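I have placed the structure first, in the form of structure tokens, so that the comments after it can refer back to it.
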Amino acid sequence: MLQKIAKFIYFKLMKWEMAGDFPEVNKCIVAVVPHTHWLDLFLGILVRNVWGKSIGFIGKQSLFNTPIIGWLLTKAGGMPVVRNQKQDTVGAIAAVFDRTDVFRMSLSPEGTRKKVSEWKTGFYYIAKQAKVPIVLVAFDYKQKRIKVSQALFPTENKEEDFKSYYSFFDGVIGKVTENSFLKGD
């Protein structure tokens, strides 16, 4: 029922399109780009319901500090991470993959809603250490379209992998156009 409601909202009310199908994988990193606005969270929750997939997300610890907001984010599948301290976040998240049969985690390689020139690489190293694929998801507000890649396993050539990832997002425009990630800016 929830999936039918989500599809109605996404396709009929919002009039958005879907380019590609979410791959049939039980474990993966879902790399969502661009992340330019707080509304991206709600779009992501809607889209995961359109797909009928359980997909969690990570966010900065401070978002989870308020009792009501923290509770809501946790109920929505959120997991807080402390970004300011030196800790093995990659290893900790990879361990979650090892302990579970089904775990899909979304995050933004940009690491912020602000304009960036380079992505953070944690998502890549989590996927490598956990031996899970990366699924690229583009939130293209200009085209009113979600674009989904196949499941991509990281190789031993990080530079080539990132060239491929960046090209997937060519021309994709986020909710806040000027903050959209465009490689080469």
Side-chain angles (χ1 to χ4, degrees), residues 1-7 10 18-35 38-65 69-113 119-139 146-156 158 161-162 164-166 168-169 181:
M1 181 65 165
L2 185 58
Q3 188 176 24
K4 284 184 181 183
I5 293 168
K7 285 182 175 182
Y10 181 83
M18 192 73 64
D21 294 317
F22 196 88
E24 290 299 322
V25 293
N26 287 333
K27 296 181 181 187
C28 66
I29 296 292
V30 181
V32 182
V33 176
H35 177 37
W38 60 269
L39 285 173
D40 295 339
L41 171 65
F42 297 102
L43 180 58
I45 290 170
L46 178 65
V47 169
R48 77 178 185 196
N49 285 304
V50 167
W51 292 327
K53 303 289 185 198
S54 169
I55 303 172
F57 58 93
I58 61 172
K60 62 183 175 180
Q61 174 70 45
S62 62
L63 293 174
F64 292 79
N65 288 345
I69 300 295
W71 181 83
L72 287 170
L73 290 172
T74 302
K75 283 294 185 187
M79 182 171 61
V81 292
V82 179
R83 298 188 303 189
N84 300 343
Q85 298 176 358
K86 289 288 181 197
Q87 61 180 13
D88 185 14
T89 306
V90 169
I93 295 171
V96 174
F97 280 101
D98 288 341
R99 297 194 297 270
T100 58
D101 293 328
V102 177
F103 185 56
R104 300 176 198 96
M105 188 192 67
S106 65
L107 53 77
S108 168
E110 296 151 305
T112 181
R113 292 182 310 270
W119 290 347
K120 296 188 177 291
T121 57
F123 78 101
Y124 184 78
Y125 290 109
I126 294 167
K128 282 185 76 83
Q129 188 167 336
K131 297 178 177 62
V132 299
I134 296 168
V135 176
L136 306 175
V137 176
F139 282 10
I146 299 293
K147 183 175 152 186
V148 187
S149 77
Q150 60 187 327
L152 308 166
F153 281 90
T155 69
E156 294 304 315
K158 180 182 160 199
D161 287 344
F162 271 74
S164 171
Y165 302 161
Y166 291 147
F168 179 83
F169 295 101
F181 179 83

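Positions are given from 1 along the sequence. From a predicted model like this one, the values you see are computed outputs, not experimental measurements.
In terms of heavy atoms, Val137 sits closest to Phe168 at N-CE2, 4.3 Å. Nearest heavy atoms, Val132 versus Lys27: CG1-CB, 3.8 Å. Taking both residues in full, the closest heavy atoms of Val90 and Gly122 are given as CG2-O, 4.1 Å, listed atom of the first, atom of the second, then distance. Across every non-hydrogen atom of Pro154 and Lys128, the tightest pair is CB-CG, 3.5 Å. Contact record, Ile134 with Ser149: O-OG, 4.3 Å, taken as the closest heavy-atom pair. Nearest heavy-atom pair, Pro109 versus Ala31, reported as atom, atom and distance to 0.1 Å: CG-CB, 3.8 Å.
Pairs passing the side-chain hydrogen bond (donor to acceptor under 3.5 Å, both in side chains) check and including a residue from residues 43-59, sequence neighbours excluded, read Glu24-Lys53.
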Problem set entry | Working for side chain to side chain contact (heavy atoms under 4.5 Å, CB included), residues Lys158 and Tyr125 | CA-CA 10 Å; Lys158 180 182 160 199; Tyr125 290 109; 3.3 Å; yes
Problem set entry | Test side chain to side chain contact (heavy atoms under 4.5 Å, CB included) applied to Phe97 and Ile126, step by step | CA-CA 9 Å; Phe97 280 101; Ile126 294 167; 3.9 Å; yes
Problem set entry | Check against side chain to side chain contact (heavy atoms under 4.5 Å, CB included), Asn26 and Arg104 | CA-CA 7 Å; Asn26 287 333; Arg104 300 176 198 96; 3.6 Å; yes
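Note that the CZ atom of Phe64 and the CG atom of Leu72 stand 10.5 Å from one another [nearest 0.5 Å]. Leu107 CG to Ile55 CD1: the interatomic distance, rounded to the nearest 0.5 Å, is 11.5 Å. In this structure, the separation between NZ on Lys131 and CG on Asp98 is 8.0 Å, given to the nearest 0.5 Å. Here the straight-line distance linking atom CD1 of Ile146 with atom CZ of Phe22 works out to 12.0 Å at 0.5 Å rounding. If you take CD1 on Ile29 and CG on Leu136, they are separated by 11.5 Å, rounding to the nearest 0.5 Å. From Lys147, atom NZ reaches atom CZ of Phe169 across 8.0 Å, with rounding to the nearest 0.5 Å.
Residue Gln3 places its CD atom among more than 12 non-hydrogen atoms of other residues, nucleotides or ligands, all under 6.0 Å distant. Heavy atoms from other residues, nucleotides or ligands lying under 6.0 Å from CG of Asp21 number 12 at most.
Ring pair Tyr165/Trp119 is parallel by interplanar angle, where below 30° counts as parallel and above 60° as perpendicular.
Applying the ring-ring contact (aromatic ring centres under 6.0 Å, His included) rule to Phe139 yields no partners; only residues at least two apart in sequence or on another chain are considered. Tyr124 is linked by a ring-ring contact (aromatic ring centres under 6.0 Å, His included) to Phe162, counting only residues two or more places apart in sequence or in another chain.
When side chains are defined from C-beta on, Pro34 does not count as touching Asp40, because their heavy atoms never get closer than 4.5 Å.
A donor-acceptor distance shorter than 3.5 angstrom exists from the side chain of Ser106 to the backbone of Gly56, with no hydrogens or angles considered.
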